[in-house]
Amino acid sequence: MSSLYERIGGAAAVDAAVDTFYRKVLSDDRVNGYFDAVEMDAQIAKQKGFLTMVFGGPNSYTGQDMREGHKHLIGLNDSHVDAIIELLGKTLQELGVAESDIAEVAHIANSVRDDILNR
Amino acid sequence: MSHIQFENQSFSLAKEDVLTVLLNAGLEIPHNCRSGNCQSCLMKATEGTPPDTAQQGLKETLKAQSYFLACQCYPKEPLIIERPAANESRYESVLISKQWLSHNVIQLKLQRPSGFHFYAGQFVTLWKDEQLGRSYSIANLADSDLLEFHIRIIPDGRFSNWIAHEASERQSVQLQGPAGDCFYIDDNLDRDLLLVGTGTGLAPLQGILHSALKAGHRGQIDLFHGAIEPTGLYNSKQLSEIEAQHEQVSYHPCVLKQDAQTTAYLEGNISELVLQNTSNLASKKAYLCGDPELVKQLKIKLFLAGMNSKEIYLDAFEAST
Ligand SMILES: Cc1cc2nc3c(=O)[nH]c(=O)nc-3n(C[C@H](O)[C@H](O)[C@H](O)COP(=O)(O)OP(=O)(O)OC[C@H]3O[C@@H](n4cnc5c(N)ncnc54)[C@H](O)[C@@H]3O)c2cc1C
Ligand code: HEM
Ligand code: FES
């Protein structure tokens, strides 16, 4: 059976999704305060890291990395994580990814919620 | 923690880049952008290997000789480094002509050194002497023996005033580069192009426009040139002629303000004018040149309006730091 990452389309899907996802993030007042738009290319590279991870692709992020990487984002709470997962779902819907795969992506994102929120 | 040796002194680096450490020690090291673009801080490692990230954008011949950009260099191993050899990293050129294009813009022509290859729209760093160098974008096509630049004279600007008031014909100028990815690629002759520049941001755009026309570009080419006042819209006569001769070219001169009587130009903030006067952004490629704040903000706006982030090229005229 193929993996989630393969079903979604691998690195090509990450490439295809990153613009749409980042555009949604920057346009959403619930979360855009946390994202720097000026260094766009650097941010897009980081968001590719995010997408690869939640698509179940090859990555070397640990829960500890997620904790360190989000610790400085002041005031981060469950509603922000929910918003990111929602925007992720909308992005994948637009790309025609199956609902069952989208649920699996959301599950991976959810699995690091406590690390992201440093609790 | 890593170590470097330079001119018989040793330095320890905690988290800083090599350029910062040398400048903090009071040494005079040429530099401008401190962000890996202008290549002014080029140095050479005589022992040890500089990290790949410090060699990004350098020519293969320079990489092979262990050249690296000091401002991007966070060494992973001890390095012994030296200043670049001028004959390996810079070209000798001479000033051929100077001509005022407007009250504060000079067209500068230099001789193209033999062996110097570039794409119109790329930039080079011009050096007055060992220390004073500034980046300028190339406005003409690669098939000429000359290199054309448009230089805006900045009040108290060291390099621009040297060019305007001191440098004369046959003056020797050193030239380093080329660098930058803001140039025309003929991968799709039918794609629509959006060219936006403020002030001398027109220089690279003029190069890109001529490259596209030479390649037989068929897609629509919209050129927006912004100035504060109509007097800043230099070269408008030539651009109007190009527009008249080429069906696919539209030239949109824009000013922040004009006399109530004249309505010859689009008036207002150039970013807004661009967004109001363009459509189908998702299928276009954009080149944005000139004022750094403006081009970065416009990039974000075009991206949010649906443009592909990989299809937006910038030539941001960052001032030296
Ligand atoms: C990649 C790149 C390409 C460039 N291409 C061009 C080009 O094609 N044509 C061109 O004219 N310039 C171009 N520039 C800008 C150019 O490199 C110099 O920064 C500019 O000419 C000023 O140099 P200077 O030595 O005259 O002024 P400096 O002595 O460096 O500056 C004097 C003072 O003026 C301020 N200053 C610098 N720039 C500006 C500005 N734009 N507006 C207001 N104040 C300023 C400085 O902060 C400083 O206080 C480019 C820059 C980069 C990084
Ligand atoms: C839903 C679970 C989440 C996961 C799995 C996740 C994962 C990641 C990953 C892998 C990176 C890239 C790190 C790098 O390579 O440098 C990253 C960066 C980032 N994330 Fe998250 N993230 C999550 C939620 C959030 C939320 C809710 C926010 C804020 C609203 C957020 C804001 C950021 C920011 C701002 C960066 C870039 C940080 C920087 O510029 O250094 N993330 N995230
Ligand atoms: S590349 Fe280092 S200062 Fe510009």
Side-chain angles (χ1 to χ4, degrees), chain A residues 8-55 57 59-60 65 68-69 71-72 80 83-84 86-88 90-97, chain B residues 15 17 33-37 51-54 56-57 69 71-72 74 179-182 187 191 194 196 271 274-275 278 280-319 321:
Chain A
I8 297 179
V14 171
D15 257 354
V18 72
D19 265 19
T20 308
F21 175 68
Y22 189 52
R23 194 176 286 125
K24 288 190 192 305
V25 165
L26 289 183
S27 309
D28 192 315
D29 289 337
R30 292 174 297 176
V31 291
N32 58 11
Y34 290 107
F35 292 85
D36 174 17
V38 177
E39 295 304 323
M40 191 187 284
D41 296 332
Q43 284 293 320
I44 283 181
K46 285 185 181 166
Q47 297 315 316
K48 280 189 180 177
F50 164 75
L51 292 173
T52 307
M53 174 182 172
V54 296
F55 290 2
N59 74 85
S60 51
D65 291 339
E68 290 298 322
K71 213 159 63 179
H72 65 289
H80 300 114
I84 291 291
E86 176 194 317
L87 299 176
L88 186 59
K90 284 192 181 150
T91 304
L92 295 177
Q93 268 168 1
E94 282 176 30
L95 293 175
V97 173
Chain B
K15 278 183 166 177
D17 59 274
C33 70
R34 299 182 86 159
S35 56
N37 289 319
D52 291 349
T53 45
Q56 255 167 37
L69 300 175
C71 71
Q72 300 300 304
Y74 303 89
D181 64 359
C182 190
D187 59 343
R191 190 199 304 272
L194 178 57
V196 185
S271 293
V274 168
L275 288 166
T278 46
N280 296 329
L281 288 172
S283 60
K284 286 190 160 77
K285 190 198 264 306
Y287 296 93
L288 315 178
C289 308
D291 183 78
E293 279 316 303
L294 189 132
V295 297
K296 286 181 194 166
Q297 291 302 327
L298 183 55
K299 176 173 178 176
I300 296 168
K301 288 180 185 152
L302 292 171
F303 173 70
L304 291 177
M307 204 164 215
N308 188 330
S309 66
K310 285 203 201 86
E311 300 294 352
I312 310 177
Y313 292 84
L314 297 192
D315 188 0
F317 291 4
E318 304 278 2
T321 52

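Quantities reported herein were computed from a predicted structural model and do not represent experimental measurements. The figures that follow rest on heavy atoms only: side chains count, while hydrogens, waters and symmetry mates do not.
Residues A:Arg23 and B:Asn308 approach most closely at NH2-N, 4.3 Å, considering heavy atoms.
Residues of residues 24-31 of chain A lying under 4.5 angstrom from chain B, judged on non-hydrogen atoms, are A:Leu26, A:Ser27 by number. The interface of residues 39-55 of chain A with chain B, defined by heavy-atom distances below 4.5 Å, comprises A:Met40, A:Asp41, A:Ile44.
For a residue to count as touching a neighbouring chain, one of its non-hydrogen atoms must lie under 4.5 Å from one of that chain's; by this rule B:Glu293 does not touch chain A.
Partners of B:Asp187 under the salt bridge (charged side-chain N to carboxylate O under 4.0 Å, His left out) rule, at least two apart in sequence or in another chain, are B:Arg191. Checked against salt bridge (charged side-chain N to carboxylate O under 4.0 Å, His left out), A:Lys71 has the following partners two or more places apart in sequence or in another chain: A:Glu68.
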